[in-house]
Amino acid sequence: MPNDYITLNALTQEINAVLKGCKIDKVNMPEKDEIGLNIRGNGTNKLLTVSCNANNPRIHIGGDKKNNPLTAPSFCMHLRKHLTGGIINSVKTLANDRIICFHITSRNEMRDTVDFALIAEMMGRYSNILLVKSNGVISDTLKQVSYDTMTKRCLLPGAKYSLPPQSKLLPDDSEKIMNLLSEYNGNDLAKYIISNISGLALITAVQILNEQGIKRDTTSLSYENAKSIASALKKYCNIFNCEEYSPCALKQNDSYIDFFVKKYAEYENLENVATLNEAVLLCTLEKDRAERRTEKTKFLQKAYSSQRKKIIAKLAKNRDKLEECKQSEDLKKYGDLILSNLYSIKKGDKTADIIDYYLPDCPIIKIKLDDRLTPQQNSQAYYKKYAKLKRAYSVVTKQIEQLEDELLYLDSIAPAIELCSSADEIAELQQELANIGALKKIKSEKTKLKPSQPIAYEVDEFVILVGKNNIQNDKLTFKVANGGDLWIHTQKTHGSHVIVFAEGREIPENVVEIACEIAAFYSIGANATKQECDYTFRRNLKRHPSNKPGMVLYTTYKTAYVTPNKHEEYLAK
């Protein structure tokens, strides 16, 4: 992805055209490395997102409206204090680098006018967000760095803000670039350019060479070639104002993976979009959602995996014990055979060769003895072991059944971990895992969140709701649905409960089929070509004897064989 100066400069000019003169209404910080500014201007509200996430740094207008944490971080409070009510004077890049600066005029506690610079450094793992005063002193920074040997800078409140050191040539410095290119003596020209000129991604350098008809593996450059490259670089630095500016996004399968300021010759599947901001949204939002979901649910996944390993280990141990218990009849037999052969055994013997009268051919078998015990005591010792294992058999059998039920229920939580994203859904799963001992019990004050909501669909005026976890499934099935509503679940695999609300009407076959495809999608077998889905009326369901949420029993049902499909076109708006 060419998240370079060329692209960011064009994006910044787009954003400046939209936000210049607008007022900052609210400041939020939904993620630890992301801020959201609610901006009011020209009679409309806009959301500006600035993220310094190391894997996905980005800036754009619009996108997901995320839930805020119960307690705002200190950096968020600092921004609220100084920027709320402020006016955005301009948005521009600094030092021909991946640094975006918002010049903001606000008022302090004394109602005096003050100027601030909100600076977003979009530089991979060195990405950061800073608030800088008009005198160049850092007011506060999201990531505080006492001193970094790589950037040679100190990023702390009270320190003087300095731009990152730049050892490369600026892309608009045509004279120096021509001198640089005159020294080129072969190898890879595109890599030579990005190694010596700042603000360029490799793909952008390749595009410029393609436009000028210059090969990457050329051995030298003529004066005219060097001049054309320098001229093209200068033009790309201000491509927003050129006729060639044509934002586009690269689509692969069903998702967008890259964005460009114009159609690059390297790619064929480029789709034109109205603005570069829109292209950024298409390419980064889903990636951000996936990364945030993984990050937030990492502790849930770890707790689930750890608990599953524990249960499987206990099951293996109990099954070994059960196999041992099944051999208990042999112990009783050894006790009987020792008693019937007392005359031939004496104290101090370690083994006894005895005829096994229980087998048809009466073979001679060797029985181990404790040489410290008399023959009678050895016989009693075998009887005691037999009695102990016989008692253990019933206990171990019950334990295995209990552990298998626990494993079955635990596996039903796995799809929910993949689906959850919001704080309330994570809190519900956290509580559910705590109830089965996979996590520590959480304090009630930490979970004062609204109950999470199921996924809603609307198909031919029929409402379909999909539970995203066991708590939602249980509530949806036994508290929300009526007896005449249709309940759907994948057969023999874990997944969501799906309810089609009949409201006294007969549900058409096409609605049932679509609902089954949705149920198949929200299950462990979502990647399967075909899935079996059971469906029945809600009145035919009973709670599972374990009384665990989301666990049900049913005997009357029909089965549909469908292809998993999310059916986004039917999602309720």
Test item: side-chain donor near acceptor, [X] and [Y], under 3.5 Å:
X      : Y      : result
Glu183 : Asn179 : no
Glu291 : Asn56  : no
Asp97  : Ser198 : no
Thr141 : Asn128 : yes
Asp33  : Asn53  : yes
Tyr256 : Thr284 : no
Ser51  : Arg58  : yes
Glu432 : Tyr409 : yes

Please list, chain by chain and in numerical order, all residues satisfying ring pair (Phe, Tyr, Trp, His ring centres under 6.0 Å) with [X], sequence neighbours excluded.
X      : answer
Tyr192 : Tyr184
His497 : Trp487, His489
Phe299 : none
Phe462 : none

Which atom pairs, one a donor and one an acceptor, fall under 3.5 Å between side chains of residues 14-23 and the rest of the protein, sequence neighbours left out?
from, atom 1, to, atom 2, distance (Å)
Glu14, OE1, Leu276, N, 3.2
Glu14, OE1, Asn277, N, 3.0
Glu14, OE2, Tyr245, OH, 2.6
Glu14, OE2, Leu276, N, 2.7
Asn16, OD1, Val91, N, 2.8

Set of residues satisfying salt bridge (Lys or Arg N to Asp or Glu O under 4.0 Å) with respect to [X], sequence neighbours excluded:
X      : result
Glu295 : Lys32, Arg292
Lys46  : none
Glu211 : Lys262
Lys298 : none

Using 4.0 Å as the upper bound for N to carboxylate O, is an ion pair formed by [Y] and [X]?
X      : Y     : value
Lys296 : Glu31 : yes
Arg98  : Asp4  : no
Asp288 : Lys66 : yes

Study note, to complete from the structure: Contacts of Thr84 meeting side-chain contact (heavy atoms from CB on, under 4.5 Å) (sequence neighbours excluded), chain-then-number -> Val27, Arg80
Review point. What residue pairs, at least two apart or across chains, pass ring-ring contact (aromatic ring centres under 6.0 Å, His included) with a residue in residues 77-99?
Key: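 Those involving residues 77-99 are His78-His82, His82-Phe116.
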Review point. Taking the six-membered ring of Phe521, is NZ or CZ of Lys566 closer than 6.0 Å to its centre and within 45° of its axis?
Key: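 Verdict for Phe521: no cation-pi partner in Lys566.
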Review point. Which pairs with one or both residues in residues 223-239 pass salt bridge (charged side-chain N to carboxylate O under 4.0 Å, His left out), sequence neighbours excluded?
Key: Lys235-Glu244
